[in-house]
Asker: 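Take a look at the following structure, please.
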Amino acid sequence: MSPRHHPSETVLLGLAAGALGRGAPLVVEAHLRACPACRAEVARLEAVGGALLEELPPAEMASNALARTLARLDGPPPRAAPLAESAESAAALQDLPVGRRRWLAPGIWMRPIVRGPRGLAYLLRTGPGAALLAHGHTGEEYVSVLRGAFSDETGRYGPGDFAQSDERLTHRPVADPGEECLCLIWAEGPMRMRTLLGRALQPLVGL
Ligand SMILES: [Zn+2]
């Protein structure tokens with residue numbers, strides 16, 4: 001089934017332009033693997049970027065660059081890769097090491113992947129029916145669902161779906177009953193915990 005929730009045009013443009021920094025592209029690309037429509041849109045935006053570059057004064061090009069580009073155009077269209085089967089393979093897609101598992105609550109753990117000056121990318125596993133503590137954000141957050149599903153105040157997100165939020169949203173995501181939910185997440189800034197318990201736990205898990 002095709003995803004129903006997609007990144008904004010701004011996010012796709014940022015990816016096409018290579019302007020998303022570290023971490024965030026990982027999450028957008030996880031969505032692209034499940035979404036032919038967004039893959040096509042990113043390819044279109046990249047082509048527009050390429051056309052703009054063509055209007056610049058010519059630069060030295062490798063002698064086989066044209067042949068390589070033509071070969072790529074003639075090649076088969078990119079196939080949809082299956083979604084990552086496990087936390088480890090999700091990160092392996094980018095050859096990035098996955099950090100140690102940190103438990104946030106019974107049934108809920110995170111594993112950091114990339115922590116940069118602009119945010120943190122991590123895997124979050126939520127057990128069947130488990131809920132995260134209510135929280136807000138101090139910047140943008142991108143979520144790609146790798147497995148299972150969750151719901152929050154903005155809707156329900158299943159495999160391949162992309163949830164995008166910012167500091168205006170406060171939510172309490174709950175995993176569907178019957179199946180664990182595995183998400184790849186990039187958060188620009190730390191969470192704003194809405195409960196005393198959350199604020200007490202926050203320094204321990206670094207989210
Ligand atoms: Zn999409």
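Atoms within a ligand are numbered from 1 in the order they appear, just like the ligands themselves.
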Asker: The criterion is side chain to side chain donor-acceptor pair (under 3.5 Å); which residues satisfy it with T154, sequence neighbours excluded?
Answerer: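 Partners of T154 under the side chain to side chain donor-acceptor pair (under 3.5 Å) test: D152, Y157.
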Asker: Aromatic rings Y142 and F162: how do their planes relate, parallel, tilted or perpendicular, breaks at 30° and 60°?
Answerer: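 The arrangement is tilted - the two ring planes meet at 30° to 60°.
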Asker: Check residues 120-131 and write down every donor-acceptor pair under 3.5 Å in which the side-chain atom is one partner and the other belongs to a residue at least two apart or another chain.
Answerer:
residue: R125; atom: NE; partner: E180; partner atom: OE1; Å: 2.5
residue: R125; atom: NH1; partner: G107; partner atom: O; Å: 2.8
residue: R125; atom: NH2; partner: E180; partner atom: OE1; Å: 3.0

Asker: Using the side chain to side chain contact (heavy atoms under 4.5 Å, CB included) definition, which of the options R33, H31, H5 pairs with S144?
Answerer: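 Of the listed options, the one satisfying the test is H31.
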Asker: Can D161 and R156 be counted as an ion pair, charged N to O under 4.0 angstrom?
Answerer: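 Answer for the salt bridge query: no.
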Asker: Please identify each residue that fulfils salt bridge (Lys or Arg N to Asp or Glu O under 4.0 Å) with E188, with sequence neighbours left out.
Answerer: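 Salt bridge (Lys or Arg N to Asp or Glu O under 4.0 Å) check on E188 returns R118.
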Asker: Leaving waters out, which protein N, O or S atoms fall under 2.8 Å from the Zn ion (ligand 1)?
Answerer: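 Near the Zn ion (ligand 1), below 2.8 Å, one finds H6 ND1, H31 NE2, C35 SG, C38 SG.
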